[in-house]
S.K.: 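Before we start, here is the structure in question, set down as structure tokens.
We count ligands from 1, going down the list as the structure has it; atoms in each ligand are counted the same way. FYI, side chains are in, hydrogens and waters are out, and symmetry mates aren't considered; it's all heavy atoms of this structure.
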Amino acid sequence: MTSSISERIAKIRASLPPSVRLIAVSKQVPAEVIRSAYAAGIRDFGENRIQEAASKQAELHDLSDITWHFIGHLQSNKAKKALELFDWIHSVDNLKLAQRLNQLAQELGVHPQVCLQVKILPDPNKSGWSVSELLSDLPALDRCKTLQIQGLMTIPPLKLTDTEVLTVFNNTAKLAQEIQSQSWHHIKMHQLSMGMSGDYQLAVQAGATMVRLGTILFGDRT
Ligand SMILES: *Cc1c(COP(=O)(O)O)cnc(C)c1O
């Protein structure tokens, strides 16, 4: 890509509705490049590996108003570290993990913002709740009072047509509405974390409130 990071950021920011939060997915991106994105106005960064995030966060310690978002599959032995490093966890993908995070967050005295990762279509390559599993786990999730459950996250399976991807995003939005209408005590459904470089326009069309963009901002990862 020939344009600079700041030009790419400005162009994409201008193409998004102002209410949509742009999360720059900086996995495999060196700290200096994150610094350039920060200089161009980005304050939300997404990472998918705990160790990598820890070392980059240490290098970027002076940029104290960054909000860090964890977007990868979280192993339960890294849950505590994730709570120490991240404000948001988009990828809470099963009840046991949610309960563990809830317990650890209570011990640490933090109130992490989380999204529940859901699979609208079956996908053996992805973790996350199926719709029926999620609906049956809601009562237990509602008891995870230390977590601020804010909405749903989804990643469509690979190789769908645009129409099929849009249907996945629309069905995620409908599911969030359905859950919201059940008036839980703690579960909120204000956020829809969906859309990556290849499909974020479809996600926005379906009501995404947070898009997670890597390649389109930073170029291809190796
Ligand atoms: C890598 C990743 C992204 C960004 O993907 P791009 O196609 O590079 O925009 C978004 N979400 C998750 C969960 C990811 O792992």
S.K.: Are V114 and M189 linked, directly or through intermediate hydrophobic residues, by side-chain heavy-atom contacts shorter than 4.5 Å (ILVMFWY only)?
M.R.: yes

S.K.: Among all the protein's non-hydrogen atoms, which is closest to atom 13 (C) of ligand 1, and how far away is it?
M.R.: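 I find the closest protein heavy atom is I71 O, 3.4 Å.
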
S.K.: Would you say Q117 and T154 are linked by a side-chain donor-acceptor pair, where the criterion is simply a distance under 3.5 Å?
M.R.: no

S.K.: Using a 4.0 Å cutoff against the non-hydrogen atoms of R212, which atoms of ligand 1 qualify?
M.R.: 4 (C), 9 (O), 10 (C), 11 (N), 12 (C), 13 (C)

S.K.: Can a donor-acceptor pair be found, under 3.5 Å and without considering hydrogens, that links the side chain of Q57 to the backbone of L85?
M.R.: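 Indeed, once roles are kept as given, a pair shorter than 3.5 Å links the two residues.
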
S.K.: Please identify which atoms of ligand 1 are closer than 4.0 Å to at least one heavy atom of L213.
M.R.: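 So the atoms of ligand 1 that pass are 9 (O).
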
S.K.: Quick check: M196 and ligand 1, any N/O pair under 3.5 Å apart?
M.R.: no

S.K.: Taking only heavy atoms of I155, which atoms of ligand 1 are found under 4.0 Å from at least one of them?
M.R.: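 So the atoms of ligand 1 that pass are 13 (C).
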
S.K.: With atoms numbered from 1 as shown, which atoms in ligand 1 lie under 4.0 angstrom from a non-hydrogen atom of T215?
M.R.: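 Result: 6 (P), 7 (O), 8 (O), 9 (O).
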
S.K.: Which atoms form the tightest heavy-atom contact between A40 and I9, and what is the distance?
M.R.: CB-CD1, 3.8 Å

S.K.: Any nitrogen or oxygen of N48 lying under 3.5 Å from a nitrogen or oxygen in ligand 1? Just yes or no.
M.R.: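 Among all N and O atoms of N48, none is under 3.5 Å from an N or O of ligand 1.
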
S.K.: Select one of side chain, backbone, both or neither to describe which atoms of H90 lie under 4.0 Å from any atom of ligand 1, heavy atoms only.
M.R.: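 None of H90 does.
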
S.K.: Which of the numbered atoms in ligand 1 are under 4.0 angstrom from any heavy atom belonging to S197?
M.R.: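 The atoms of ligand 1 under 4.0 Å from a heavy atom of S197 are 6 (P), 7 (O), 8 (O), 9 (O).
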
S.K.: Looking at NE2 of H69 and NE2 of H90, how far apart are the two atoms once the value is rounded to the nearest 0.5 Å?
M.R.: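 The NE2 atom of H69 sits 5.0 Å away from the NE2 atom of H90.
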
S.K.: I'd like to know if the side chain of R43 pairs up with that of T67 as donor and acceptor (distance under 3.5 Å, no hydrogens or angles considered).
M.R.: no

S.K.: What residue and heavy atom of the protein are closest to atom 2 (C) of ligand 1, and at what distance?
M.R.: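 Protein heavy atom with the smallest distance to atom 2 (C) of ligand 1: K27 NZ, 2.6 Å.
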
S.K.: Do any pairs count as a salt bridge (Lys or Arg N to Asp or Glu O under 4.0 Å) and have a residue in residues 107-132, sequence neighbours left out, and if so which ones?
M.R.: none

